[in-house]
Amino acid sequence: MMYRTQLPITALPAFCKLADVTFLGAVVRELDGRGFGLVADRTLSSEDTCEVSNLLLVPHDLILSAAFIEEHAKVDHHLRELLDVAGGQTTRGDILLFLLLQITIASPGHDRSVGASNSWTEYVKMLPREVPLPTIWREEERAILAGTSLEAPLAAKLKALHREFDHFRKNTEDVSWCRKCWWEQDILVFTDYLLVDAWYRSRSLELPFSGESLAPCLDMANHSSIANSYYEETADQGLSLVLRPDIKVIAETEITISYGDAKSNAEMLFSYGFIDEVNTCQALTLNLHPLSDDPLGTAKLAAFNNPPLLKLVEVGDTIDWDCPFLYLVCLNDEDGLEFKMQLQVDGSKGPWRVFWQETDVTENLTAFKDLIADHELKDVFELRVAVILQDRIREQLERLYGSEEAVEVLDALSHLQPTRKALALGLRASEIDLLENTYSSLESQKNNLMESPAVLRYLNQMNGSPDDGQLVADSSEDEDFS
Ligand SMILES: C[S@@+](CC[C@H](N)C(=O)[O-])C[C@H]1O[C@@H](n2cnc3c(N)ncnc32)[C@H](O)[C@@H]1O
């Protein structure tokens, strides 16, 4: 890994003075198990006042954004060259390139003629050497995530990061200063790329004026689902950290922000490397595939044109799920429904058009739940939906149960880092819990739907019985619905 000068956090006040960052009532401290964080340096209150209580002000010209990089490239021709050969695709990509250049300039043996030093060159020296995201975990630690909703996205992310790094190397190998500073002696390695990606993922903000950005000092604020502050960006003042209204915090209390209320444990672990134990909202996102025996399966995926995601959210005793693709999965024309898919010859509006009740609904596929709401067979569709959903949940639970033994062996034989092991086991337990609860809730939903007159009538017709509503189907007939 590239050797970098590390500055102690005690260097932060000097940095703030030079860079014009103002702390008002908060200071940065080392905190137990969370790296650095902000704490109140005195009692702060927003009670009985309409005035905004600012805790920190970061000027615009320090916010690392697409505009910042463009501006900086005007005075740093090495950065300009780097962006020209390897950047210009995404803001994230350009920020990673910028950070790579900063850690290079910040390394002690660096050739001073390369790159123009700036505030960020100093600031990166205070950023953590290691961010505990699963992308930096060892293989045997990542293996404990088998069967969780994080397994596939994590594997995909690592693959993408390798691809990005290879591209970056290939694109810069012919630039003489890049070759000398990075590649000739393998000074810059994949682990450095993992580090800047982890900084980006765990510290970036989406700001109204600056867009995707990193903000020095404000990025020292840790997360809480009951945060006592929030940040706001204004066109003239820059970025400020503000105490929430009607709140009083005593000296030494941690100042926190929310990294997002509805993030699942897997998302928190993926982006920030921890799980929020206090969060009472449990969520999980899975991929849904078309049914293996559906001849229109691939066509449905192509027509849907969105990731076929299934989102589960449990708040208190209620489990909500959202999966617009599921409604498309459960419909077919063979059972007399007016559902059709047509391949377009000219493909001018995409290859597939989807028709429901003779109407072209291709542009409305995420709203199929509403489209079927008035149909006489609505309960039949809802029952199919519940069956397919339950199958997907069962499949995921089987993956989790099926990997338990391997996890126990790994735990016994490998030296797993205790925090990572606890996080991975915690994620497994929380996902098993949510999936099991969803499974039982779907079971009751299914049982209720099985008693609906529309479902009974439909079953009778399918079985060739008279339409007298007398046949009571038992749940072994579930397969008919999937
Ligand atoms: C934006 S940075 C916050 C500053 C960071 N603690 C540091 O030392 O630089 C986000 C990182 O802080 C840590 N973090 C934030 N909130 C946390 C929490 N509630 N529990 C544990 N770690 C937390 C995680 O490592 C996360 O990736």
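Everything quoted here is computed from the prediction, not taken from an experiment. Whatever order the structure lists them in is the order used to number ligands and atoms, beginning at 1.
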Of all the non-hydrogen atoms in the protein, which one sits nearest to atom 10 (C) of ligand 1, and at what distance? Tyr259 OH, 3.3 Å
min-distance protein heavy atom vs atom 18 (C) of ligand 1 -> Phe274 CE1, 3.3 Å
Below 3.5 Å, N or O to N or O, backbone or side chain included: is there any such pair between His223 and ligand 1? yes
Before signing off on this row, confirm whether Phe36 and ligand 1 have an N or O atom pair separated by under 3.5 Å. yes
Assess, by modelled atom type and distance only, whether the side chains of Thr135 and Arg201 contain a donor and an acceptor separated by less than 3.5 Å. yes
Looking at [X], which atoms of ligand 1 are within less than 4.0 Å of one of its heavy atoms?
X: Asp219; value: 1 (C), 2 (S), 3 (C), 4 (C)
X: Tyr272; value: 24 (C), 25 (O), 26 (C), 27 (O)
X: Gly35; value: 8 (O)

Asp32, CG atom: more than 12 neighbouring heavy atoms under 6.0 Å: no
Worked check of salt bridge (Lys or Arg N to Asp or Glu O under 4.0 Å) between Asp166 and Lys170: CA-CA 6 Å; Asp166 290 347; Lys170 200 163 143 271; over 6 Å; no
Can you tell me if Asp276 contacts ligand 1 (heavy atom of the residue under 4.0 Å from the ligand)? no
Hey, what's the ring geometry for Phe165 with Tyr193, parallel, tilted or perpendicular (30° and 60° as the breaks)? tilted
Closest heavy-atom approach to atom 12 (O) of ligand 1 among Leu423, Leu133, Asn222 is made by Asn222
Do Tyr272 and His223 have ring centres separated by under 6.0 Å? no
Of the options Arg92, Gln89, Lys159, which is the one that meets Glu164 in a side-chain hydrogen bond (donor to acceptor under 3.5 Å, both in side chains)? Arg92
Basic-acidic side-chain contact under 4.0 Å: Asp186, Arg169: yes
Examine the proximity of ligand 1 to Ala221 and report which part, side chain or backbone, both or neither, has a heavy atom under 4.0 Å away. backbone
